[in-house]
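A short worksheet on the structure shown next.
Within every chain, numbering begins at 1; the chains are lettered A, B, ... in the order of the sequence lines, protein sequences first and strands thereafter.
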There are 2 protein chains.
Amino acid sequence: MTQMTNAAPAVDRYLEIAERQFAETGFHGVSLAAIAKEAGVSKQALLHFFGTKEKLYGAVLKRLSDKLCAEVERAGAGGPAAGLVAYFEGLAKNSLERQAEARLVVRALLDTEETARFWPMKPYLEALTELARKTPKWQTASLDEIRAELFQLIGAIQYLTISQTALTGMYGEEDRQAIEERFAGSISGAIRVFVEA
Amino acid sequence: MTQMTNAAPAVDRYLEIAERQFAETGFHGVSLAAIAKEAGVSKQALLHFFGTKEKLYGAVLKRLSDKLCAEVERAGAGGPAAGLVAYFEGLAKNSLERQAEARLVVRALLDTEETARFWPMKPYLEALTELARKTPKWQTASLDEIRAELFQLIGAIQYLTISQTALTGMYGEEDRQAIEERFAGSISGAIRVFVEA
DNA sequence: TTGACAGCTTACCAAGTGGTAAGTTACCTT
DNA sequence: AAGGTAACTTACCACTTGGTAAGCTGTCAA
């Protein structure tokens, strides 16, 4: 039969490197050669596993989407309302560490060319919507209503997250940190308003 | 002395075309040749006026920044509180028409490589901050506090704006419109909370 | 032991990239 | 009328791009 294919860890390492680079400079800003160089392999190694650059990008986004979905599901295990609060609070508090993720999500929403007819972030957004729908507050609400409210919340959080580098550049590291702290404090209120009736 | 240089309208047209293309696919996704082709000139015409691709991108961002600053100033002419409400309401309501702008702003915040040490959107953000500072509510607040709150608001609005195409792709045009309307309604409350005491 | 196949590598390529050099043309000042 | 210069153009170039073709090597099933 088929052979022992034990390339999974290597492939995952390639995806990790690609993810970081795509998050930083976007699809067009990254070359296969650059990713290959950082991974210490030839670019044909990447093409061997992923076929084309677009498919590699797709695999990166799919992997991220799966990861985010799993996270949402894990958060929702202890009840929808508490889960949502915990999830969003976590997002807001670790904005520096989660920059790469947020950048990729935003880029996926932004780049309608490469990701069209694929919409990799749809499952993630729907997982959040479904979780919200399970709370008492949103049980009777329409999907549009939930989505509109949800976008307000994750939009605010991810916008700040992707702005971290720019904020440091514009105002310095101290001010960036002060803004982040103020933001985390005030978004907490918004999160509770979103979840609780 | 110097000669009558009447290339201003042509240059502005180039900037307009470049703006649309950069907004759509980002700095690396656009080639000078593509912009030149749409403008009906050779790419060396662009290089003649702007020197390099990076400088052209910089000029596009500078032009957008100036436009946004002028808009904020105009909105603030009739009082800071009312001006802010009108400005944000306008942003939220015309999200489809203002997609290109929002995309560029987000890309400018996202791309730390090309726009570093330039931060073209800083004047815009500061104009908004200054306007907010003039309202009774924020007069005694710290800059950090205002900025954090401001980012929450424009973040939510611009995030939805850049997501319009993705929303249509994911849920269809009808649902997209429904979400947008719900969003506009609910962000109105947030705007008033931001401005009023 | 052999042969298939995963997981690579080196060699190569056509198309496109941003950018330079050297004109050309029309207008404006002198 | 002459000269300068703005606003281009065509020609060209070194380099990079994503992608193909072919080959090499170690492991594992038969």
Side-chain angles (χ1 to χ4, degrees), chain A residues 1-63 107 111 113-116 118, chain B residues 1-63 107 111 113-116 118:
Chain A
M1 274 286 299
T2 52
Q3 197 178 333
M4 269 281 292
T5 77
N6 232 359
V11 167
D12 211 64
R13 205 176 64 91
Y14 301 156
L15 285 172
E16 219 169 279
I17 290 168
E19 176 176 326
R20 210 173 44 246
Q21 293 205 17
F22 280 132
E24 231 157 280
T25 37
F27 178 76
H28 297 287
V30 172
S31 70
L32 289 174
I35 300 170
K37 189 180 176 185
E38 190 181 331
V41 293
S42 69
K43 71 178 173 171
Q44 284 69 16
L46 301 175
L47 288 170
H48 170 70
F49 288 112
F50 304 104
T52 67
K53 187 190 177 187
E54 288 213 5
K55 284 180 186 167
L56 166 58
Y57 188 50
V60 165
L61 293 179
K62 178 67 166 54
R63 180 167 166 272
R107 287 198 193 276
D111 298 337
E113 185 190 7
E114 293 87 16
T115 60
F118 170 36
Chain B
M1 274 288 298
T2 51
Q3 196 179 335
M4 270 282 293
T5 75
N6 233 358
V11 167
D12 211 65
R13 203 175 65 90
Y14 301 155
L15 285 171
E16 219 169 279
I17 292 167
E19 177 175 324
R20 209 175 43 248
Q21 294 205 17
F22 280 131
E24 231 156 279
T25 36
F27 178 77
H28 297 287
V30 173
S31 71
L32 288 175
I35 300 170
K37 189 180 177 185
E38 189 182 332
V41 293
S42 68
K43 72 177 174 176
Q44 284 68 17
L46 302 176
L47 289 170
H48 170 69
F49 288 112
F50 303 104
T52 67
K53 186 190 178 186
E54 288 214 4
K55 283 180 187 169
L56 167 59
Y57 188 50
V60 165
L61 294 179
K62 177 68 166 52
R63 178 167 167 272
R107 287 197 194 276
D111 297 338
E113 184 189 10
E114 295 87 14
T115 61
F118 170 37

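- With rounding to whole Å, B:H28 atom NE2 is found 14 Å from D:dT16 atom C1'.
- One atom, CZ of A:F50, and another, P of C:dA6, lie 16 Å apart when rounded to the nearest Å.
- Residues B:I35 and B:F22 form a side-chain contact, since some pair of their non-hydrogen atoms from C-beta on lies under 4.5 Å apart.
- C:dC13 atom C1' lies 14 Å from atom CG of A:L47, rounded to whole Å.
- Atom NE2 in B:H48 sits roughly 7 Å away from atom C1' in D:dC8 (whole-Å rounding).
- Minimum heavy-atom separation, A:T25 to B:E113: CG2-OE1, 3.1 Å.
- Summarising the geometry, the separation between CZ on A:F49 and C1' on C:dT9 is reported as 13 Å, rounded to the nearest angstrom.
- Within 6.0 Å of atom CD in A:E19, more than 12 heavy atoms from other residues, nucleotides or ligands are found, so the atom counts as buried in its surroundings.
- Remark: B:V41, B:S42, B:Q44, B:A45 in residues 33-46 of chain B come within less than 4.0 Å of DNA chain D through at least one heavy atom.
- Phosphate contact (OP1/OP2 of C:dG7, side-chain N/O of A:Y14, threshold under 4.0 Å): absent.
- Counting non-hydrogen atoms under 4.0 angstrom, B:V11 reaches nothing in the nucleic acid.
- Relative ring orientation between B:F27 and B:Y57 is described as tilted, the plane-to-plane angle lying within the 30° to 60° band.
- Comparing C:dG18, C:dC8, D:dG19 against the side chain of A:L32 picks out D:dG19 as the nearest.
- Between A:V60 and A:A18, the shortest heavy-atom distance links the atoms CG2-CB, 3.8 Å.
- The phosphate of D:dT17 (OP1 or OP2) has a side-chain N or O of A:S31 nearer than 4.0 angstrom.
- Residue pairs that meet the salt bridge (Lys or Arg N to Asp or Glu O under 4.0 Å) test with at least one member in residues 42-54 of chain B, sequence neighbours left out, do not exist here.
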